[in-house]
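Input: a single structure, listed below in C-alpha cells.
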Amino acid sequence: MHKDLIALRHALHRQPEPSGAEADTARFIAKALRATKPNSLVTGLGGHGVAACYDSRMPGPTVMIRAELDALPIPEASGVPYASERAGFGHLCGHDGHMAILMGLSGARPKRGRLVLLFQPAEETGAGARAILADPAFAALRPDYAFALHNMPGMALGSVAVAPGPASFASVGWRIAVSGREAHAAFPETGQSPAPFLAQLTHHLAALPKGADQAMATLCHLNMGAPTFGIAPGQAVAHVTLRAVSDSSLSVLEHDLQGWIAANAQGLQIDITRHDHFNATLNDPDAAAYVEAARHSLGLTQGAFTFPMRPSEDFGAFSAHAKCALFFLGAGDDHAALHDPAYDFPDALITPGVAMFQEILSRVTG
Ligand SMILES: [Zn+2]
Ligand SMILES: [Zn+2]
C-alpha cells in the first residue's frame with residue numbers, strides 16, 4: 001500500500017483545476033518532482049505541463065509515461081472527506097489518481113536510456129497533448145515509446161485491458177452558427193427562420209449510417225431565437241460532436257457533413273468553427289505487447305473491454321510521434337462512471353498502476 005501516494009492523491013483531489021488553468025496543480029507536482037532529483041525538470045510545457053527526465057546515461061530508448069493535470073467543471077457529489085474545496089470543479093475523471101501513480105515512478109532510473117514523466121495539461125479539451133508536441137522545449141524529451149493508462153469503471157477492479165490497433169476514437173466539436181432574418185411572429189413568412197434547416201440537420205445526424213468506421217454525430221447543444229412570443233427567430237447556434245474510429249474516417253465524415261450543409265442551407269448563412277479536436281489513439285503492436293507482458297508477469301487479470309473506446313483521449317496526438325500504448329485499468333464493475341458527480345478514483349489502483357509502469361519500463365529498457 002502506497003500511503004504517501006494516497007495522501008498525495010487526496011491533496012490533489014481537494015484542489016481540482018479545469019483544463020488550461022492547472023497552475024496550482026503544476027506547481028504542486030513540480031515541487032514534489034524536484035525533491036526526487038531528476039536530471040532535468042521542465043515546467044510551463046504547452047501551458048502548465050511539467051516533465052521530469054531521469055537519465056541512465058547509458059544509450060537506450062526514451063520512455064515517456066503520461067498523466068493528466070486537469071479536472072472537470074462539474075460539482076463533486078462523492079461525499080468523500082477529501083472532496084473538492086473548489087466550488088463547481090471536481091476530479092471526476094481520476095486524473096488525480098493517474099498523477100499519484102506517476103509520482104510512484106519518480107526517481108526511478110532505467111538501466112538504459114531515459115524515463116520521462118509527463119504531466120500534461122488540458123486533456124479534457126483535447127488541446128494539451130498537441131500543445132506539448134508544439135512546444136520547442138519538448139524537442140529534448142522526444143520519446144521512442146509513450147505509455148498511459150486510464151482507469152475504467154465497469155471493468156473488474158485492478159484488471160488490465162490492452163490491444164494493438166485503435167484504442168480510442170477521433171472526435172471534433174463543431175459550432176454551427178446559423179443566420180437568417182428575424183420577423184414579427186405574425187408574419188414569419190417575411191423573415192428567414194433557421195428552424196426548418198435545424199430540424200433537417202437533427203434528422204440527418206441521427207440517421208447517419210453505422211458503417212465499419214463507426215462514424216457518428218451527437219447534437220449537444222441548440223440555441224435559437226429569443227424566449228419571446230412576438231419574434232420569429234433569425235439566429236441559432238448548434239454544437240455537434242463528430243466521432244469516428246480513425247483520423248481519416250473523421251475527415252471523411254467532416255467532408256460529407258460540410259457538403260450536406262452546403263446543399264441544404266436554403267439561403268441561410270452558416271458558419272462552422274472546429275473545437276476540442278482529438279486524434280484517434282492507435283496502439284503500436286510492440287508497445288501494446290510490452291503492456292500485455294507486464295500484466296501477465298504481475299499476475300493481473302485480463303480486463304473485459306471492447307476496443308476501441310468510443311470516447312476520445314488526447315494521448316492519441318502522441319501516436320504519430322512515438323510507439324504508443326494506452327491501456328485501461330479496471331475501476332470496479334459497479335464503480336460510478338467517469339465524469340459522474342459521484343465518481344472518485346479508487347485508491348486500490350495506485351499499487352497495480354505503479355507496478356504496471358515499473359514492469360513496462362524495465363522490459364523496454366532492460
Ligand atoms: Zn475525462
Ligand atoms: Zn480522463
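These numbers come from the heavy atoms of this one structure, side chains and all, not from hydrogens, waters or symmetry mates. Since this is a predicted model, take the numbers as computed values, not measurements. Ligands are counted one by one from 1 in listed order, and the atoms in each one are counted from 1 as well. Along the sequence shown, residues carry numbers from 1.
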Using the six-membered ring wherever Trp is involved, compare the ring planes of Y145 and Y290 and label them parallel, tilted or perpendicular (cut-offs 30° and 60°).
->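 Correct class here is perpendicular.
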Parallel, tilted or perpendicular: which describes the rings of F318 and F138, with under 30° parallel and over 60° perpendicular?
->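 Ring orientation of F318 relative to F138: tilted.
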Heteroatom of E124 nearest to the Zn ion (ligand 1) (N, O or S, atom name) =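 Checking each N, O and S atom of E124, the shortest distance to the Zn ion (ligand 1) belongs to OE2.
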Kindly give the atom name of the N, O or S atom of H150 closest to the Zn ion (ligand 2).
->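 In H150, the heteroatom (N, O or S) nearest the Zn ion (ligand 2) is NE2.
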What do you reckon, are the aromatic ring centroids of H239 and W174 less than 6.0 Å apart?
->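 Not under 6.0 Å, so no.
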State plainly whether the residues R9 and D347 are in salt-bridge range, i.e. N to O under 4.0 Å.
->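 Yes, R9 and D347 are salt-bridged.
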Check whether any N, O or S atom of H95, backbone or side chain, sits closer than 2.8 Å to the Zn ion (ligand 1).
->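 Of the N, O and S atoms in H95, none lies under 2.8 Å from the Zn ion (ligand 1), which means no.
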Is any N, O or S atom of E123 under 2.8 Å away from the Zn ion (ligand 1)?
->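 So E123 does not count as coordinating the Zn ion (ligand 1).
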